[in-house]
Amino acid sequence: MINIVLFGPPGSGKGTQAQLLIDKFNLKQISTGDLFRYNMKNDTNLGKLAKSYIDKGELVPDQVTIDMLVDELRKPTNTNGFIFDGFPRTAHQTDALENIVKDELGTEISVCLSLVVDDEALVQRLLKRGETSGRTDDSNEDIIRNRIKEYYAKTAEVAELYKKQGKYVEVNGIGDISEISEKLFAEVEKIK
């Protein structure tokens with residue numbers, strides 16, 4: 001089983017590359033954002049709980065996110081593993097994910113793949129995306145720079161944990177999409 005934690009700041013091409021990894025290795029992507037949207041839209045107990053925090057302007061506790069993740073992993077799937085997107089973001093979440101994968105799947109996180117892109121390139125990519133996406137957070141340079149800064153601040157400790165385990169791999173996210181995906185594919189092939 002292949003279990004990938006996929007990192008990349010906003011505009012790094014993570015969404016595009018995740019889909020290519022899914023297609024190549026028959027993986028299922030688990031995005032915490034998608035889990036929140038699904039649970040709230042379908043009015044599940046976890047969705048109601050998450051919404052109660054969000055409605056008060058509070059952060060949803062880790063345990064609610066973890067419970068959503070466990071529910072998703074328990075659903076039957078005919079895949080060769082998972083890509084975790086948006087989780088973990090903290091040392092606590094990293095430990096929780098390791099335990100979940102061990103307890104629910106009887107395996108471990110295989111690799112943390114991190115797409116690395118120069119900040120200026122990220123800003124330009126996001127501004128360009130903002131011209132067509134309609135996303136307001138992609139059209140303001142100050143907001144973009146803050147999102148990038150927040151990403152690095154939040155993921156630094158997680159990267160360090162995976163580095164200590166020898167599971168952290170940086171891949172240059174600048175260049176042709178297929179060139180980048182070939183580099184990612186090569187890293188996954190090393191763990192198969």
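When reading the values below, keep in mind they use all heavy atoms of this one structure, side chains included, and skip hydrogens, waters and symmetry mates. Just so we're clear, the structure is a prediction, and the values are computed from it rather than from any experiment.
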Is there a side-chain contact between Lys24 and Glu189 (heavy atoms, below 4.5 Å)?
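The answer is yes; the side chains approach within 4.5 Å.
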Counting C-beta onward and ignoring hydrogens, is there a side-chain heavy-atom pair between Arg125 and Ile174 closer than 4.5 Å?
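Sidechains of Ile174 and Arg125: in contact.
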Distance-only, no hydrogens or angles: does the [X] side chain make a donor-acceptor pair with backbone N or O of [Y] under 3.5 Å?
X      : Y      : result
Glu157 : Ala91  : yes
Arg147 : Asp137 : yes
Tyr151 : Gly8   : yes
Asn42  : Thr44  : no
Ser110 : Ile4   : no
Asn99  : Asp95  : yes

Under a 3.5 Å cutoff, is there a donor and acceptor pairing between the side chains of [X] and [Y]?
X      : Y      : value
Ser178 : Asp176 : yes
Asp23  : Gln19  : yes
Asp71  : Tyr38  : no

Closest approach of [X] to [Y] (non-hydrogen atoms, all atoms of both residues):
X      : Y      : result
Val158 : Pro88  : CG1-CG, 3.9 Å
Leu69  : Ile100 : CD2-CD1, 3.9 Å
Leu115 : Pro9   : O-CD, 3.4 Å
Lys14  : Phe7   : CD-C, 3.8 Å
Asp43  : Lys48  : O-CE, 3.3 Å
Leu35  : Glu72  : CD2-OE1, 3.6 Å

Count the heavy atoms of every other residue, nucleotide or ligand shown that sit under 6.0 Å from NZ of Lys51, and state whether that count exceeds 12.
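No.
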Between Lys167 and Glu187, does any side-chain N to carboxylate O distance fall below 4.0 Å?
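Looking at Glu187 together with Lys167, the answer is no, because their closest N to O distance does not fall below 4.0 Å.
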Show your working on side-chain hydrogen bond (donor to acceptor under 3.5 Å, both in side chains) between Asp67 and Gln63 and close with a plain yes or no.
CA-CA 6 Å; Asp67 290 345; Gln63 194 57 52; 2.8 Å; yes
